[in-house]
Participant: 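Below you'll find the structure I mean.
Proteins come first, then strands; the chains are lettered A, B, ... in the order of their sequence lines, and each starts at number 1.
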Amino acid sequence: MLRRTHTCGELRDSHVGQTVRLNGWVNSYRGHGTGLVFIDLRDRFGITQVVFDGEDLGKEILDTADHLRNEDVIAIEGSVRVRAGGENPKLITGKIEIVVTKFELLNKTANPPFLPDDTGSGGKLANEELRLTYRYVDLRRPTMQKALATRHKLYQVTRRYFDENGFLEIETPILYKSTPEGAREFLVPSRHLPGNWFALPQSPQLFKQILMVAGCDRYMQICRCFRDEDPRADRQAEFTQIDLEMSFVRREHVIEMMEGFVRRLWKDMCGYDVPPIQKMPYREAMERFGIDRPDTRYALEITDISETAAKSEVAFFKDALANGADRPRFNSKRGVVKAIRVPDGAAKLTRKMTDGYNEFVRGFGAGGCAVVKVNAAGEFETGIAKFLASVKDELKSVLKLVPGDTVLFVADTYSVCTKALGELRQVVARDMGIVPKPGSEGGPWNFLIVVDFPMFEKDKETGRWVAMHHPFTAPNDDQAEAFVAADVNDEVTIEGIVSAGYDIVLNGQEIAGGSVRIHDPRVQSKVFTLLGLTPEQAKEKFSFLLEALQFGAPPHAGIAFGLDRLVMNFLGTSNIRDVIAFPKTQIGQDLMTGAPGPVTDEQLKDVHATAIRPRVP
RNA sequence: GGGGCGGUAGCUCAAUUGGUUAGAGUACCGGACUGUCGAUCCGGUGGUUGCGGGUUCGAGUCCCGUCCGCCUCGCCA
């Protein structure tokens, strides 16, 4: 084989005169008859033009060259020369070409189902279903190669940073024990223990805490996690976390370390200097933005106008407020009226858009979304304008309204208003065209650390307390004693306890989340009591962790980053499948391998399982 | 589990109100062509209109069911 001396991306005019060998795939061919054939040869490093020129190559080679087709695999030897036909500025190797002296057809391809070309057929990529089926062809596309390389670089920067900071990379089991809280799990039957099952880990949460008890001091792992839930554009059942845990630290120390990581990552990945990251309490995020991961690239903040609304003549405001305004409580069933001021909305938000908002908020249980415009004279127009006449000046002062503004109102319970306007805010921002492009395209990277999450929230269906993060999350240091002392039936107090958890939010997307863990058995047992777990049940579920905590557990805390989402940000894609080499579809299939597939009865018998097969119609 | 969009040649798409033999570009095959770079020119092959049923003289088009892909709500401690 004519093994390569260079890649297809590295030859320049400085190489002119050298004899080189290249290996790669035929990216395109331009034949001018036997005797002059141009081949653009591609590997993952780039494209180089190769030319079969002249009769002295022999008829056989010239004839083969004339019939080379896209994606054939070839090797050539030849000399580098300046292009006789002029430079091609589209290629980084565009000043030179290789005149072939030796040639080897390494593998003739079957006609590929589509070409791995970023511009695609008819200017569009082939259907994603097809690209997933022939993933090995799609991955040849320069964009996909770049994605794989970016992901690789992120691994390296990550390992280097945490190594420098004294973290040990430690692998934890993939075959693990089922912990029914949280996401649905993938199950694996045991051959040796009939009727018993492994689960694939939702995260290595318990193991990393155990590693702290084990004296490892600082742990990191780039680990696969599994959650058998329906995917989204930025979510797969099988995904990757940068998982971390530290001993002898409190919340501030972890946050400091993570800020350092974020700073290093952005510096090394794209040369961006991340400024000091602002911290925002959960409660403030919910009040101002209606969501626990606010996108702070734009304003459009939410204002509670219940007091003013109560003095208006708007019937549905009054209806919502009939049970009394009740601002601070999150699970409250009582009413509020909230509004978003949209600067310049009068001109930019069309009737069709605002009609859509009405429908949109109904999707979150709200009765509707009222729209008022402030005209050039400062008067309210449309909809409920006349019923607001009595509070016009007060409203203008509370919302700081100016001519040209549009105001969007929702009146309902606290939780409905918050959720509906939090989601609506994002839609309005897109409609207004005020969401900057992601950072890789030059827009701002807006980081935020959200802290002081409630420890517990009420389950919507059962009405029982559930842990907002997970049951090992500690109350914040200043509340630990109050928590231990609290009456479990005192809902207001329990609801007010905030945890030592923290999320890192980037442009409205959660990229990391973690917490200080409970290392005090008193606190841990109180949490289980609140969650409705008896000591026996708690022991059943988490025995090994609870036991470990008794044998000298250091104070510890950790966090996990969503690696796939980080890569997405550096590539500016909103499709998680772009950053995973072999992703799955909406129903969890791998279209290339055909997984999941059936197994034989023999295999099932081995693991003491039987299949309930769907009826074949 | 719910909602939305989509599935026509290998690929990207078109096909009027339900009406002739389902077309175009590209890919592929054959030929021409000595400086192209999305090469060009000539010719050709290529169709279970996702699948199943129904309405109709006649279905890519209308109706019912179903499968698959994407987006989304629920879900994701």
Side-chain angles (χ1 to χ4, degrees), chain A residues 27-41 47-55 62 66-67 69-71 81 83-91 93-94 97 99 109-134 137 179-185 202-203 205-206 225-237 239 359-360 362-365 419 423 453 455-457 459-461 465-473 499 501 510 513 515 527 531 541-542 562 574-575 577 584-587 589 591 617:
Chain A
N27 194 65
S28 69
Y29 61 92
R30 295 175 292 279
H32 292 258
T34 305
L36 185 64
V37 175
F38 295 95
I39 300 292
D40 282 350
L41 194 62
I47 290 175
T48 301
Q49 175 166 289
V50 166
V51 56
F52 293 79
D53 186 5
E55 300 298 335
L62 288 172
D66 199 26
H67 285 86
R69 292 296 177 264
N70 296 324
E71 301 311 305
R81 74 178 181 195
R83 287 184 178 217
E87 181 181 350
N88 181 353
K90 291 181 194 167
L91 300 181
T93 61
E97 64 188 5
V99 203
T109 184
N111 187 22
F114 58 94
L115 295 177
D117 178 350
D118 280 324
T119 55
S121 178
K124 290 178 77 174
L125 294 178
N127 189 334
E128 190 170 14
E129 191 174 353
L130 192 77
R131 289 190 283 120
L132 289 173
T133 305
Y134 299 91
V137 177
T179 51
E181 278 74 25
R184 191 179 297 114
E185 297 172 318
Q202 300 172 32
S203 81
Q205 180 61 37
L206 301 191
C225 303
F226 304 88
R227 295 178 189 175
D228 189 7
E229 302 289 351
D230 289 352
R232 289 288 183 276
D234 62 352
R235 212 169 76 186
Q236 286 254 308
F239 65 102
E359 273 310 301
F360 184 78
R362 283 183 187 164
F364 300 97
K419 172 83 176 166
E423 297 295 329
F453 289 86
M455 283 275 284
F456 305 97
E457 57 187 348
D459 186 285
K460 271 167 270 176
E461 284 158 25
W465 292 112
V466 292
M468 193 149 178
H469 188 47
H470 58 59
F472 315 106
T473 301
S499 76
E510 182 192 330
S515 64
V527 169
L531 297 179
K541 283 182 177 168
F542 307 112
S574 55
N575 179 352
R577 296 177 298 281
K584 293 181 170 59
T585 68
Q586 292 273 319
I587 58 171
Q589 285 186 305
L591 295 177

Participant: Quote, to the nearest angstrom, the P distance that separates B/rU21 from B/rU16.
Facilitator: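 Approximately 15 Å lies between the P atom of B/rU21 and that of B/rU16.
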
Participant: Would you classify A/N575 as touching base, sugar-phosphate or nothing, given that sugar-phosphate means primed atoms plus P, OP1 and OP2, and contacts are heavy atoms under 4.0 Å?
Facilitator: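 The residue A/N575 makes no contact with any strand.
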
Participant: B/rC11 and B/rG4: how far apart are their P atoms, nearest whole angstrom?
Facilitator: 28 Å

Participant: Would you confirm whether A/E185, through its side chain, and A/Q202, through its main-chain N or O, come within 3.5 Å as a donor-acceptor pair?
Facilitator: no

Participant: Taking the ring of A/F38 and the ring of A/H32, is the distance between their centroids below 6.0 Å?
Facilitator: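 Yes.
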
Participant: Reckon A/R69 has a side-chain N or O less than 4.0 Å from the OP1 or OP2 of B/rC29?
Facilitator: yes

Participant: Please check this pair: side chain of A/R83 against backbone of A/E97, looking for a donor-acceptor N/O pair closer than 3.5 Å.
Facilitator: no

Participant: What distance do A/K584 atom NZ and A/Q589 atom CD have between them, rounded to the nearest 0.5 Å?
Facilitator: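 Atom-to-atom, A/K584:NZ and A/Q589:CD are 10.5 Å apart.
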
Participant: Over all strands shown, is A/G86 touching base, sugar-phosphate only, or nothing at heavy-atom distances under 4.0 angstrom?
Facilitator: base

Participant: Would you indicate which nucleotide in B/rG1, B/rC37, B/rG35 comes nearest to any side-chain atom of A/N88?
Facilitator: B/rC37

Participant: What does B/rU56 pair with, Watson-Crick or G-U, if both distances are under 3.5 Å?
Facilitator: none

Participant: Would you mind classifying the nucleic acid contact of A/R362 as base, sugar-phosphate or nothing, using non-hydrogen atoms under 4.0 angstrom?
Facilitator: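 No contact at all - A/R362 keeps every heavy atom at 4.0 Å or more from the nucleic acid.
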
Participant: Does a side-chain N or O from A/Q589 land closer than 4.0 Å to OP1 or OP2 of B/rC68, or not?
Facilitator: no

Participant: Indicate, with a heavy-atom threshold strictly under 4.0 Å, whether A/E71 touches base, sugar-phosphate, or nothing.
Facilitator: nothing

Participant: Would you call A/R30-A/D40 a salt bridge at under 4.0 Å N-O?
Facilitator: yes

Participant: Does OP1 or OP2 of B/rA39 have a side-chain N or O of A/R30 closer than 4.0 Å?
Facilitator: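 Looking at the OP1 and OP2 atoms of B/rA39, one of them is under 4.0 Å from a side-chain N or O of A/R30.
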
Participant: Roughly how many Å is it from CD in A/Q205 to P in B/rC76, rounded to a whole number?
Facilitator: 17 Å

Participant: Taking atom C1' in both B/rA27 and B/rG47, compute the distance separating them and give it to the nearest angstrom.
Facilitator: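 Roughly 16 Å separates the two C1' atoms.
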
Participant: Tell me the interatomic distance from A/D66, atom CG, to B/rU34, atom P, rounded to whole angstroms.
Facilitator: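 Taking CG of A/D66 and P of B/rU34, I get 11 Å after rounding.
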
Participant: So, is A/R235 near the phosphate of B/rG74, with a side-chain N or O under 4.0 Å from OP1 or OP2?
Facilitator: no

Participant: Which is true for A/E128 with a 4.0 Å heavy-atom rule: it touches a base, it touches only sugar-phosphate, or it touches nothing?
Facilitator: sugar-phosphate

Participant: Checking base pairs now: Watson-Crick or wobble, both atom distances under 3.5 Å. What partners B/rC29?
Facilitator: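 Its partner is B/rG43 (Watson-Crick or G-U wobble, both distances under 3.5 Å).
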
Participant: Using heavy atoms to find the nearest nucleotide of RNA chain B for A/L36 and A/Q202 separately, return the residue whose nucleotide is more 5′.
Facilitator: A/L36

Participant: Partner of B/rG23 by Watson-Crick or G-U wobble geometry, both contacts under 3.5 Å, or none?
Facilitator: B/rC13

Participant: Between B/rC37, B/rG10, B/rG74, which nucleotide has the shortest distance from any of its atoms to the side chain of A/P113?
Facilitator: B/rG10

Participant: Which is true for A/A84 with a 4.0 Å heavy-atom rule: it touches a base, it touches only sugar-phosphate, or it touches nothing?
Facilitator: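 It contacts base atoms.
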
Participant: Please check this pair: side chain of A/R577 against backbone of A/T585, looking for a donor-acceptor N/O pair closer than 3.5 Å.
Facilitator: no

Participant: Considering just the side-chain nitrogens and oxygens of A/T585, establish if one lies under 4.0 Å of OP1 or OP2 belonging to B/rG69.
Facilitator: yes

Participant: Select base, sugar-phosphate, or nothing to describe what A/S28 touches, counting heavy atoms under 4.0 Å on all strands.
Facilitator: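 Result for A/S28 = sugar-phosphate.
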
Participant: Does B/rU66 have a Watson-Crick or wobble partner in any strand here, with both distances under 3.5 angstrom, and which is it?
Facilitator: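 Pair assignment: B/rU66 / B/rG50.
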
Participant: If you check the A/I587 side chain, which of B/rG69, B/rG35, B/rC11 turns out closest?
Facilitator: B/rG69

Participant: Which nucleotide, B/rC70, B/rC76, B/rC68, lies nearest any side-chain atom of A/L132?
Facilitator: B/rC70

Participant: Let me know the distance between CG of A/N127 and C1' of B/rU12, rounded to the nearest Å.
Facilitator: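 Taking CG of A/N127 and C1' of B/rU12, I get 10 Å after rounding.
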
Participant: For B/rC64 and B/rC76, measure between their P atoms and round to the nearest Å.
Facilitator: 34 Å

Participant: Do the side chains of A/V137 and A/E71 get nearer than 4.5 Å, heavy atoms only?
Facilitator: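 Answer no - side chains too far apart.
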
Participant: Please measure how far the P atom in B/rG50 lies from the corresponding atom in B/rC68, and state the result in whole Å.
Facilitator: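 The same atom, P, in both gives a distance of 16 Å.
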
Participant: Under 4.0 angstrom, heavy atoms only, what part of the nucleic acid is A/G31 near: base, sugar-phosphate, or nothing?
Facilitator: base

Participant: Do the side-chain N or O atoms of A/N70 get closer than 4.0 angstrom to the phosphate oxygens (OP1, OP2) of B/rC28?
Facilitator: yes

Participant: Are any side-chain N or O atoms of A/Q236 and backbone N or O atoms of A/P231, one a donor and one an acceptor, separated by less than 3.5 Å?
Facilitator: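 Not a single qualifying donor-acceptor pair exists.
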
Participant: Would you say the side chain of A/V51 lies within less than 4.5 Å of the side chain of A/R81, judging by non-hydrogen atoms?
Facilitator: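 Counting from C-beta outward, A/R81 and A/V51 do come under 4.5 Å.
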
Participant: For A/L130, which contact category applies under a 4.0 Å heavy-atom criterion: base, sugar-phosphate, or nothing?
Facilitator: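 Contact class for A/L130: sugar-phosphate only.
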
Participant: If you check the A/E229 side chain, which of B/rG35, B/rC75, B/rC71 turns out closest?
Facilitator: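 Shortest atom-to-atom distance from the side chain points to B/rC75.
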
Participant: Just wondering, do A/F38 and B/rU36 stack (centres under 5.5 Å, planes under 30°)?
Facilitator: yes

Participant: Using a 4.0 Å heavy-atom cut-off across all strands, classify A/D228 as base, sugar-phosphate, or nothing.
Facilitator: nothing

Participant: Determine the Euclidean distance between corresponding P atoms of B/rG53 and B/rG60; express it in Å to zero decimal places.
Facilitator: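 Pairwise P distance, B/rG60 against B/rG53, rounds to 14 Å.
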
Participant: Give the nucleotide from the list B/rG35, B/rC73, B/rC28 with an atom nearest to the side chain of A/D53.
Facilitator: B/rG35

Participant: Give me the distance, rounded to whole Å, that separates B/rA14 from B/rA32 when you measure between the P atoms they each carry.
Facilitator: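 Straight-line distance between the two P atoms is 37 Å.
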
Participant: Applying a 4.0 Å non-hydrogen cut-off, can you work out what A/N111 is touching in the nucleic acid: base, sugar-phosphate, or nothing?
Facilitator: sugar-phosphate

Participant: Using atom P in both nucleotides, what's the gap between B/rG69 and B/rC62 to the nearest angstrom?
Facilitator: 24 Å

Participant: Who is the Watson-Crick or G-U wobble partner of B/rC76, with both distances under 3.5 Å?
Facilitator: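 When the pairing criteria are applied, nothing turns out to pair with B/rC76, so the answer is none.
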
Participant: Among B/rG69, B/rC76, B/rG35, which nucleotide sits nearest the side chain of A/L591?
Facilitator: B/rG69

Participant: Hey, which sits more toward the 5' end of RNA chain B by its nearest nucleotide, A/R83 or A/P471?
Facilitator: A/R83

Participant: Please tell me if A/H67 has a side-chain N or O lying less than 4.0 Å from either OP1 or OP2 of B/rG31.
Facilitator: yes

Participant: Any side-chain N or O of A/Y29 under 4.0 Å from OP1/OP2 of B/rC28?
Facilitator: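 True: A/Y29 side-chain N/O within range (under 4.0 Å) of B/rC28 OP1/OP2.
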
Participant: In whole Å, what is the span from the CG atom of A/N27 to the P atom of B/rA27?
Facilitator: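 For the pair A/N27 CG and B/rA27 P, the rounded distance is 13 Å.
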
Participant: May I have the distance from A/K584 (atom NZ) to B/rC68 (atom C1'), rounded to whole angstrom?
Facilitator: 17 Å

Participant: Across all strands shown, which nucleotide pairs with B/rU8 by Watson-Crick or G-U wobble geometry, both distances under 3.5 Å?
Facilitator: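 B/rU8 is unpaired by these criteria.
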
Participant: Measure from the side chain of A/R577, starting at C-beta and using heavy atoms only, and say which of B/rU36, B/rC11, B/rC71 lies closest.
Facilitator: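 Within the option list, the nearest is B/rC71.
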
